[in-house]
Amino acid sequence: MKLIGQNSARVWGGNEKWLSNLARGLRERGHEIVVSCRGGPVEENFRSLGFRTTSVRPRGEFDVPSALRFAHWLREEKPDAVLFTSWVPTVLGAWAARAANVRPVVVRLGIVREFPTSPGRAFAFRRWIDALIVNSEEIRDVWLAGAGDYPANRVHVILNGVESTRGKRDELRRALREELRLSATTILYGGAGHLFPRKGFDILLRGFAAAAIPDSRLAILGDGDDANALRSLAGELRIDDRVHWLGRRPNGAEIIAGFDAFVLSSRNEGMANVMLEAMAAAVPVIAADVSGARKALAPTAERPQAGRIVPRDDVEALANALLDVAASLRGDPRDLQSSLDEAHWRIRNWFSIEQMIDECEVVLTG
């Protein structure tokens, strides 16, 4: 199979990490992958991984010339499938793929969205897009609830896959603490993601301030448009001397493995890769009750709890969860061990990269 992976993001985030994991796995199985993307961090990362890239891409909902160029390029490349991982260019991008006689046309959706109400986008999903890959049951259910007679068998729930870093956790934790010059007793909470409102870092800062845990620090991994506003908020909350701004790092999963506890404070997610990376490193997780959190962390009839879930946008609940984790870390760490063992079990059995690639391969090969 020759696959075109299309991504229009300006920054390297969870969606791009997912595409890179899939692309590497498919390449190992003998498939050819070409990435259509904009210049900058996304292109640089894919090139560093050894993938051929192109700047030819559909550039927006109304940019017909770019769609025509994309269709012409697809005719020359003759791929067996096209996978879109960005929302905005899907309409004209799907049209271009169909015009170039490429099937299947697949879209990957990584956050909760309702079925589109605009006639053009709704038409594209009904007529030009053959399959939708989502990474949580919540995304599928919300999509289908407003989709009328849209065929449910076109929506495929494929859980994200991550690699375990549990065996390297002690080493990675020591390295991060040395970098931040933390004492042996300091508790380091961490969050990670693109710094913009949907990720809820303002809630994390407010919850950390409200908890007021002695000898604790907060590290935020990532960058984005809200960076300055969040730094200002930390100053207003009088915690700026206790917050470490780590910026964007190429080894994000290894940084997350160095935290004492990980917090997902998002307002909207699909299945957050950063949460799974924390689970894969045996780092205690506190997550807002967003899409994917219950599948990853909540107890089931057969399985115990794998982490803590708190209501979205609830500063007090988050502060209490931070206090509970601190009590466990400073009391008997064995209190956390059962949930950490369960988290790692879920990574191996529900969120393995091999399983993700197996299921995506089936969809992409039609």
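Positions are given from 1, in the same order as the sequence printed here.
A donor-acceptor contact shorter than 3.5 Å is absent between the side chain of Ser66 and the backbone of Pro58. With hydrogens and angles ignored, the 3.5 Å screen pairs a side-chain donor or acceptor of Arg267 with a backbone N or O of Pro197. Not a single donor-acceptor pair under 3.5 Å links the side chain of Arg75 to the backbone N or O of Ala100. At least one donor-acceptor pair closer than 3.5 Å links the side chain of Ser265 to the backbone N or O of Gly200. Side chain of Arg242 to main chain of Leu218: no donor-acceptor pair is present (N/O by atom type, distance under 3.5 Å, no hydrogens or angles). Remark: the backbone N or O of Lys2 is not paired with any side-chain donor or acceptor of Lys78 at under 3.5 angstrom. In this structure a side-chain-to-backbone donor-acceptor pair under 3.5 Å is missing from Asn135 to Asn160. With Arg108 contributing its side chain and Thr85 its backbone, the two residues share no donor-acceptor pair below 3.5 Å. The backbone N or O of Val56 sits less than 3.5 Å from a side-chain atom of Ser36, completing a donor-acceptor pair. With hydrogens and angles ignored, the 3.5 Å screen pairs no side-chain donor or acceptor of Tyr189 with any backbone N or O of Phe208.
Counting heavy atoms from C-beta on, the side chains of Val91 and Phe123 never come closer than 4.5 Å. Between Phe70 and Pro89 the shortest side-chain heavy-atom distance does not fall below 4.5 Å. The side-chain heavy atoms of Phe351 and Lys295, taken from C-beta on, include a pair separated by under 4.5 Å. Residues Leu159 and Arg346 have side chains not in contact (no heavy-atom distance under 4.5 Å, counting atoms from C-beta outward). At a threshold of 4.5 Å between non-hydrogen side-chain atoms, the residues Asp324 and Ile286 do not count as touching. Between Ile220 and Leu205, some side-chain heavy-atom pair lies under the 4.5 Å cut-off. Between Thr54 and Trp73 there is a side-chain heavy-atom pair separated by less than 4.5 Å. Contact annotation: the side chain of Asp226 never approaches that of Phe201 to less than 4.5 Å [non-hydrogen atoms, C-beta and beyond].
The pair Arg52-Glu32 meets the salt-bridge criterion, with a side-chain N (NZ, NE, NH1 or NH2) lying under 4.0 Å from an Asp/Glu carboxylate O. Residues Asp260 and Arg330 are not paired through a salt bridge, judged by the lack of any N-O separation under 4.0 Å between the basic side chain and the carboxylate. The residues Glu28 and Arg24 are annotated as not salt-bridged, no charged nitrogen and carboxylate oxygen being separated by less than 4.0 angstrom. Using a 4.0 Å cut-off between charged nitrogen and carboxylate oxygen, Arg249 and Glu179 count as a salt-bridge pair. A salt bridge does not link Glu236 with Arg206: none of the charged nitrogens is closer than 4.0 Å to a carboxylate oxygen. Salt bridge annotation for Asp240-Arg231: absent, with no cationic side-chain nitrogen under 4.0 angstrom from a carboxylate oxygen. Ion pair Arg154/Asp130 not flagged as a salt bridge, since none of the NZ, NE, NH1 or NH2 atoms sits closer than 4.0 Å to an Asp/Glu carboxylate oxygen.
Residues Ile203 and Leu318 approach most closely at O-CD2, 3.7 Å, considering heavy atoms. For Asn349 against Gln355, the heavy-atom pair with the smallest separation is O-OE1, 3.4 Å. Residues Ala9 and Ser86 approach most closely at N-OG, 3.9 Å, considering heavy atoms. Heavy atoms only, all atoms of each residue included: Trp87 and Thr90 are closest at O-OG1, 2.8 Å. The shortest heavy-atom contact between Trp128 and Ala94 is CB-CB, 3.9 Å. The minimum heavy-atom distance linking Ser328 with Leu336 is given by the pair CB-CG, 3.7 Å.
Note: Arg140 CZ to Leu132 CG = 11.5 Å, rounded to the nearest 0.5 Å. Atoms CE and CZ, from Met279 and Arg348 in turn, are 11.5 Å apart once rounded to the nearest 0.5 Å. Between the CG atom in Asn273 and the CG atom in Asn21 there is a gap of 7.0 Å [rounded to 0.5 Å]. Taking CG of Leu176 as the start and CZ of Phe259 as the end, the distance is 6.5 Å to the nearest 0.5 Å. Taking CG of Asp215 as the reference point, atom OG1 of Thr185 lies at 4.0 Å (rounded to 0.5 Å). Between the OG atom of Ser291 and the CD atom of Glu137 there is a distance of 9.5 Å, given to the nearest 0.5 Å.
Glu163 and Thr165 share no donor-acceptor pair across their side chains, judged by distance under 3.5 Å alone. Judged purely by distance below 3.5 Å, without hydrogens or angles, the side chains of Thr186 and Arg217 never pair a donor atom with an acceptor atom. Residues Glu361 and His31 bring a donor and an acceptor atom of their side chains to less than 3.5 Å of each other.
Hydrophobic side-chain contacts under 4.5 Å tie Phe62 to no other Ile, Leu, Val, Met, Phe, Trp or Tyr residue. Side-chain contacts under 4.5 Å among hydrophobic residues (ILVMFWY), followed directly or transitively, place Ile33 together with Met1, Leu3, Trp12, Trp18, Leu19, Leu22, Leu26, Val35, Val42, Phe46, Leu49, Phe51, Leu83, Val106, Ile133, Ile158, Ile353, Met356, Ile357, Val363, Leu364.
In summary, the aromatic rings of Phe115 and Tyr150 are positioned with their centroids under 6.0 Å apart.
Using cut-offs of 30° and 60° on the angle between ring planes, the pair His194 and Phe196 is tilted.
The stretch residues 54-71 participates, sequence neighbours left out, in these salt bridge (Lys or Arg N to Asp or Glu O under 4.0 Å) pairs: Glu61-Arg121.
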